[in-house]
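So you know, we letter chains A, B, ... as the sequences are listed, proteins then strands, and number each from 1. Reckoned from all heavy atoms, side chains included, excluding hydrogens, waters and symmetry mates.
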2 protein chains.
Amino acid sequence: MARKTISTAFPSPRHDHAACVDEALAQAERVCAEQGRRLTPLRRRVLELVWQSHRPVTAYALLERLVQDGHRAQAPTVYRSLEFLMESGLVHRVESMNAYLGCNQPWHGHDVGIFICRVCGDVAELSDTAISRGIERGADRIGFTVESRVVEISGTCRACSGACN
Amino acid sequence: MARKTISTAFPSPRHDHAACVDEALAQAERVCAEQGRRLTPLRRRVLELVWQSHRPVTAYALLERLVQDGHRAQAPTVYRSLEFLMESGLVHRVESMNAYLGCNQPWHGHDVGIFICRVCGDVAELSDTAISRGIERGADRIGFTVESRVVEISGTCRACSGACN
DNA sequence: CATTGAAATGTTATAATTTAACGTTTCCTT
DNA sequence: AAGGAAACGTTAAATTATAACATTTCAATG
Ligand SMILES: [Zn+2]
Ligand SMILES: [Zn+2]
Ligand SMILES: [Zn+2]
Ligand SMILES: [Zn+2]
């Protein structure tokens with residue numbers, strides 16, 4: 001478990017983002033190798049595009065970028081790559097935005113929630129056991145068996161929260 | 001706070017659902033009166049249709065039902081009514097399903113989460129403080145100010161969970 | 001009661017997101 | 001090299017949602 005977390009909370013505006021991308025791609029290679037899944041050039045490129053920022057990106061935005069690459073791509077190309085990346089745990093779908101986000105802890109099975117700043121658009125992914133346990137407790141109360149969770153919190157990040165930061 | 005909760009967990013398959021609908025509509029009248037908002041016949045009818053079951057329903061399914069009523073409706077009609085009902089707190093959007101669900105506690109500001117049974121499709125809405133506090137704690141850790149939350153849990157309800165129920 | 005402005009609804013068209021279906025190519029295994 | 005599966009290309013369509021503008025309803029005012 002000596003793996004590096006790319007960014008655990010909101011990224012600093014002047015962090016070395018190229019390093020985020022490199023790390024994400026390196027982890028993807030590793031994860032796919034472990035799972036025996038093929039990270040093809042196309043899938044790798046889509047993941048790289050997803051990681052262009054710490055913001056969720058729509059499928060069609062990815063498609064545009066692919067086309068800019070000179071790749072004569074259509075919607076299914078992007079959706080298939082995204083499906084693969086999601087199955088591999090490398091990308092999350094942000095349900096409340098119809099958009100996709102690179103996972104910063106792809107080896108970590110239980111994501112709990114993402115915090116979305118509605119000012120800057122950046123996202124922080126958090127694996128908080130308090131949220132997990134809260135959900136489990138609620139589930140227990142009604143005899144529910146949890147299989148998957150969508151936890152998406154909108155609000156403002158520290159940097160965007162006003163003067164005192 | 002002596003108000004009746006329509007159903008707090010998963011409804012029994014043989015509960016009196018007509019009573020759910022009646023109660024939901026009565027509460028809607030009350031809520032709208034209090035807020036000084038107009039629950040027009042159309043909006044009331046859409047709410048009634050949303051409450052046809054304890055399952056999320058898509059906008060176009062509602063549209064079909066309106067058309068069956070003889071109402072020559074189009075998509076914007078439904079979306080506008082849904083928007084009104086959501087602003088009034090009478091309906092929730094289920095982000096992970098692109099569908100809409102009648103709120104069973106419309107006077108209760110802080111919904112926390114909905115549990116969706118992927119077998120029967122029924123939904124239970126839960127206001128669990130443990131989840132709330134977990135989210136607040138996570139937010140505090142990263143200096144985030146929460147404005148709204150999407151918590152949608154998929155799994156199996158007690159009734160659908162197997163033999164011993 | 002008539003006027004009038006705002007809210008609600010009707011109507012047409014289109015945008016945005018996602019998937020189905022089928023053909024072709026690539027790649028791994030034998 | 002042959003065969004089969006996986007990946008990708010391509011066309012079309014389904015699903016979900018909104019923009020824009022016209023018409024109607026409604027409540028308040030004079
Ligand atoms: Zn970064
Ligand atoms: Zn921000
Ligand atoms: Zn019921
Ligand atoms: Zn069930």
> Just how far is it from atom CG of Asp140(B) to atom CG of Asp128(A), taken to the nearest 0.5 Å?
Replying inline: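 So the CG of Asp140(B) and the CG of Asp128(A) are separated by 10.0 Å.
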
> How far does CD of Glu29(A) sit from CD of Glu34(A), to the nearest 0.5 angstrom?
Replying inline: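 The CD atom of Glu29(A) sits 12.0 Å away from the CD atom of Glu34(A).
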
Return all side-chain donor-acceptor pairs below 3.5 angstrom for residues 59-68 of chain B, not counting sequence neighbours, or 'none' if the list is empty.
| residue | atom | partner | partner atom | Å |
| --- | --- | --- | --- | --- |
| Arg65(B) | NH1 | Gln68(B) | OE1 | 3.2 |

>> Looking at every heavy atom in both His54(A) and His15(A), which two are closest together, and how far apart are they?
In response: NE2-NE2, 3.1 Å

Between [N] ([atom2]) and [X] ([atom1]): distance, integer Å:
X	N	atom1	atom2	answer
Leu82(A)	dC8(D)	CG	P	12 Å
Leu63(B)	dA14(D)	CG	P	16 Å
Glu83(A)	dC8(D)	CD	C1'	14 Å

> Between Arg118(B) and Glu147(A), is there a side-chain N and carboxylate O pair less than 4.0 Å apart?
Replying inline: yes

Polar pairs (N or O, both sides) under 3.5 Å between protein and nucleotides 16-19 of chain D?
| residue | atom | partner | partner atom | Å |
| --- | --- | --- | --- | --- |
| dA17(D) | OP1 | Arg93(B) | NH1 | 2.5 |
| dA17(D) | OP1 | Arg93(B) | NH2 | 2.8 |
| dA17(D) | OP2 | Tyr79(B) | OH | 3.1 |
| dA17(D) | OP2 | Tyr100(B) | OH | 3.2 |
| dA17(D) | N7 | Tyr60(B) | OH | 3.1 |
| dA17(D) | N6 | Tyr60(B) | OH | 3.2 |

> Of all residues at least two apart in sequence or in a different chain, which pass the ring-ring contact (aromatic ring centres under 6.0 Å, His included) check with Tyr100(B)?
Replying inline: none

>> Using the side-chain contact (heavy atoms from CB on, under 4.5 Å) criterion, which residues pair with Thr40(A)? Sequence neighbours excluded.
In response: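 Once residues adjacent in sequence are excluded, the partners of Thr40(A) under the side-chain contact (heavy atoms from CB on, under 4.5 Å) criterion are Arg38(A), Leu42(A), Arg43(A).
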
> Are Val91(A) and Val46(A) close enough that some pair of their side-chain heavy atoms sits under 4.5 Å apart?
Replying inline: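 No, side chains not in contact.
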
> So, does Ser88(A) use its side chain to make a donor-acceptor pair with the main chain of Leu90(A) at under 3.5 Å?
Replying inline: no

> Just the endpoints, please: which first and last nucleotides of DNA chain C, 5' to 3', lie under 4.0 Å from a heavy atom of chain B?
Replying inline: dA8(C) to dT12(C)

> Looking at DNA chain D, which of residues 36-43 of chain A put a heavy atom within less than 4.0 Å of it?
Replying inline: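 When residues 36-43 of chain A is checked for heavy atoms under 4.0 Å from DNA chain D, the hits, listed by number, are Arg38(A), Thr40(A), Leu42(A), Arg43(A).
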
>> Determine whether the aromatic ring centres of residues Phe10(A) and Phe115(A) are separated by less than 6.0 angstrom.
In response: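 Phe115(A) vs Phe10(A): aromatic centres not under 6.0 Å.
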
> At under 4.0 Å, does any side-chain N or O of Thr77(A) touch on OP1 or OP2 of dG9(D)?
Replying inline: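 The answer is yes; a side-chain N or O of Thr77(A) sits under 4.0 Å from OP1 or OP2.
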
